[in-house]
Amino acid sequence: MSFRQFVINNVRRNPKVYGPYFFTSFFAVMMFFTYALLIFHPEFKSNIDSSSDTMSYFAMIGFQISQVIIVIFSAFAIFYAVSTFLKTRKAEFGLLLIQGINKKQLVKLIFWENMLAGLSAVICGVVFGFIFSKVILLVCSKILALTETLPFYLPWKPILLTIGIFGLLFLIVSFVTSFTIRVNNLKALLLSQKEPKKEIKAAWYIALLALVLTFAGYGVVLFFTNREYFALTPIFIGVILVVGGTYFLFSQLLVFVLTRLRKRQLFFFKRTNLLTFSELIYQMRDNVSTFFLVAVISATAITAMGTSSAIGSSGIAEMSENPYAITYTAFDQDKVHPDIISHTKKLLQQDDTRTYKQADGHLFTVANTDINTSFTFLSIEDYNKLMKLRNEKEIQIPVGSVALLPSINFNPRDGIPKSMTIQLETTKITLPVDRATPINRFLSNYENIMLANQEDIDMVWKTAQKTNKKPEDSFNTIQAYTIFHTDDWEETAVIGKKLQTYIENWNTKEQNTERGEYVGFESLALQWQNIQQLNGILLLLTVLCGAVFYTFSAGFIYLRLHSDLKRDEQQYKMLFKIGLTKQELHKIVARQLRIMFFLPLFVAVIHSLVAFVALQNLLDFNIWQNVGIVIGIFVVVQSVYYFFVKHQYLKQLRRIMK
């Protein structure tokens with residue numbers, strides 16, 4: 001048998017060692033290739049540009065950063081995985097040395113084994129990605145809400161980039177790890193599996209430091225994630241504190257708690273607790289880094305995916321209070337220019353598949369004595385025209401009173417005032433409040449929006465204008481608007497883009513910057529497309545990276561279990577000889593595996609919940625339904641993985657009890 005055949009057989013006959021290494025590397029390569037497939041697509045940037053230049057820039061930068069993150073994290077995770085399973089093969093290396101292999105050949109063997117497994121993962125990842133590239137492009141087009149599906153193309157640049165970067169990555173990792181194994185002490189290699197485990201010593205003050213750092217980090221994050229004190233630097237410091245606290249939690253606090261439990265004889269000597277918790281204390285020495293990495297990685301994945309899900313929810317759309325297909329607002333003008341209206345109607349008439357309704361009106365804004373506040377009036381007649389556009393219920397109010405619309409300064413759930421008072425320079429106008437509408441159907445960015453009969457609006461307007469000695473000193477304004485609406489507004493993105501370009505050109509030529517005259521334009525389809533694309537980009541950034549993170553964390557747990565398997569087989573074989581039953585074995589193993597699988601996840605969920613509380617402080621809609629779904633998915637996936645590994649692990653141990 002040649003040296004090359006020996007290397008191939010070593011990799012092929014050790015699926016439990018190289019299997020997780022291959023699968024996690026393959027998955028990372030696939031995700032990297034997916035990002036590269038989009039970045040180098042000849043029509044991807046132009047499709048995103050058609051909706052928003054900012055969105056296009058954000059997408060390209062985001063995908064490139066995600067690629068860098070995947071490569072950096074893959075390098076770290078692969079190095080950790082290789083180092084872990086090399087430690088489990090020390091006895092095997094000792095036997096090879098006895099058989100006559102020299103140190104140089106052993107280093108060469110380790111190098112080529114890692115390269116073979118790594119390059120196999122790269123080739124399979126690229127081939128799999130190329131085969132399913134058409135499906136990937138279709139799915140990504142749907143997620144990103146592109147007006148045109150991305151066509152298939154020959155992705156030779158993504159292929160070369162993926163092979164080049166990951167090939168170099170595996171070359172570096174293989175070269176470094178091949179020299180990390182110590183082969184000078186043959187006796188130590190042969191007895192590596194029989195070395196007694198050393199117990200971690202836990203100091204109470206370091207255990208207390210874990211709590212102090214964690215809760216201090218929570219406090220900093222929650223304090224600085226509000227609209228008044230929001231700042232990124234303190235939040236970053238808070239995250240660092242939580243990460244440090246997490247490490248001490250696993251390395252000191254948990255060991256301290258377990259040693260305290262061991263001193264409680266009634267608990268410790270109850271049934272199988274002695275075996276379970278004694279083993280856990282010793283296992284903490286080897287599992288500290290695994291628990292820490294899995295907790296931090298899972299918290300990052302949950303937070304990223306939960307945030308993406310929340311931001312992309314319908315709550316964002318509900319925050320948009322202008323639900324009409326096309327809206328023109330003429331600032332400081334009596335009406336929207338006729339050329340704009342005629343051009344719009346001409347374009348809409350070309351769309352024979354839809355019927356458009358039109359509504360015109362005016363908004364009257366009256367400045368309070370304190371010019372930092374103002375009151376905006378909309379006539380009840382104009383408001384009801386807006387209601388007809390969406391076939392909604394019209395309302396009526398008595399003359400001399402007003403109805404309030406929800407706005408940035410008023411929430412009906414906080415209570416309805418009996419009257420509204422407008423303080424002018426020489427007089428004060430008080431209007432009784434008849435009701436508050438449940439929703440605002442127009443221009444929610446105004447401070448105080450009131451519906452009134454036109455005769456009451458005329459009275460307020462004339463009175464407000466009289467208080468200004470000079471017309472140029474007036475802060476009172478009239479905004480004319482024209483709205484076109486159709487029930488199939490989701491399909492008007494193409495028309496909206498044409499009109500947006502037309503208005504930009506019109507404002508460049510016709511607007512009066514000295515008087516503040518210009519025409520504002522809004523397209524609901526374009527706004528919704530931007531929201532969908534933003535959510536799609538966030539989804540691709542977070543879900544794909546989160547999936548890579550989770551895959552590596554699952555691989556860490558599996559490698560940790562495999563590294564202890566031979567030692568555990570010897571231990572349980574001895575226990576079986578002195579009377580341990582299969583039921584007791586199942587109970588002990590299940591309890592230890594539950595702690596290994598769900599303790600880091602529990603810590604990650606706690607960290608994520610704090611992050612979501614902080615996020616909720618910055619948003620005006622409820623995110624907890626989306627957060628619950630994301631956390632639930634992680635728990636379900638982890639549970640399935642737990643039952644699968646437990647079955648395989650017990651299957652291995654039961655063989656020694658026959």
Side-chain angles (χ1 to χ4, degrees), residues 8 11-12 15 18-49 56 59-75 77-78 81 112-174 533 536-552 554-555:
I8 295 173
V11 175
R12 184 169 55 86
Y18 283 103
Y21 176 66
F22 170 84
F23 178 75
T24 52
S25 301
F26 162 80
F27 197 75
V29 171
M30 266 288 297
M31 296 303 102
F32 183 91
F33 180 81
T34 299
Y35 285 130
L37 191 68
L38 293 174
I39 291 173
F40 288 102
H41 196 287
E43 297 183 21
F44 174 71
K45 191 174 184 299
S46 60
N47 269 275
I48 296 290
D49 276 340
S56 171
M60 302 302 287
I61 294 298
F63 291 163
Q64 290 170 359
I65 292 175
S66 296
Q67 283 185 307
V68 174
I69 292 174
I70 288 177
V71 171
I72 293 175
F73 187 77
S74 297
I78 291 169
W112 284 111
E113 282 183 7
N114 292 337
M115 283 297 295
L116 178 60
L119 291 179
S120 298
V122 173
I123 294 173
C124 290
V126 170
V127 170
F128 191 88
F130 176 74
I131 292 174
F132 289 93
S133 56
K134 178 62 178 178
V135 177
I136 293 173
L137 291 173
L138 287 173
V139 172
C140 290
S141 299
K142 184 66 176 178
I143 292 175
L144 293 171
L146 300 181
T147 53
E148 297 181 6
T149 301
L150 295 173
F152 174 79
Y153 76 109
L154 182 62
W156 61 271
K157 287 184 178 179
I159 291 175
L160 292 179
L161 180 67
T162 306
I163 293 176
I165 289 181
F166 275 90
L168 180 62
L169 172 61
F170 283 111
L171 179 65
I172 295 173
V173 171
S174 300
Q533 288 187 350
I537 292 170
L538 290 174
L539 197 66
L540 289 176
L541 294 177
T542 57
V543 172
L544 296 185
C545 285
V548 172
F549 293 167
Y550 179 79
T551 303
F552 276 118

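Just the heavy atoms: all of them, side chains too, but no hydrogens, waters or symmetry mates, feed the values below. Please read all numbers here as calculations on a predicted model, not as lab measurements.
With values rounded to the nearest 0.5 angstrom, Leu169 atom CG is found 12.0 Å from Thr162 atom OG1. Rounding to the nearest 0.5 Å places CD1 of Ile70 at 13.0 Å from CZ of Phe33. Here the CG-CZ distance, from Leu171 to Phe166, works out to 14.5 Å after rounding to the nearest 0.5 Å. Between the CD1 atom of Ile39 and the CG atom of Leu161 there is a distance of 8.5 Å, given to the nearest 0.5 Å. With rounding to the nearest 0.5 angstrom, the CG atom of Leu37 is 6.0 Å from the CD1 atom of Ile136. If you take CG on Leu137 and OG1 on Thr34, they are separated by 9.0 Å, rounding to the nearest 0.5 Å.
Put simply, the side chain of Phe32 reaches to within 4.5 Å of the side chain of Ile165, judged on heavy atoms.
By the side chain to side chain contact (heavy atoms under 4.5 Å, CB included) test, Ile69 is found to be paired with Ile65, Phe549, residues two or more places apart in sequence or in another chain being considered.
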Report, one line per pair, each donor and acceptor closer than 3.5 Å where one atom sits in a side chain of residues 119-133; sequence neighbours left out.
from	atom 1	to	atom 2	distance (Å)
Ser120	OG	Leu116	O	2.6
Ser133	OG	Phe130	O	2.8

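Looking at every heavy atom in both residues, Pro151 comes nearest to Lys134 through CA-NZ, 4.3 Å. In terms of heavy-atom proximity, Val173 sits nearest to Ala75 at CG2-O, 4.3 Å.
A donor-acceptor pair under 3.5 Å is absent between the side-chain atoms of His41 and the main chain of Tyr153, judged by distance alone.
Classified by interplanar angle (parallel below 30°, tilted 30° to 60°, perpendicular above 60°), the ring pair Phe26/Phe23 is tilted.
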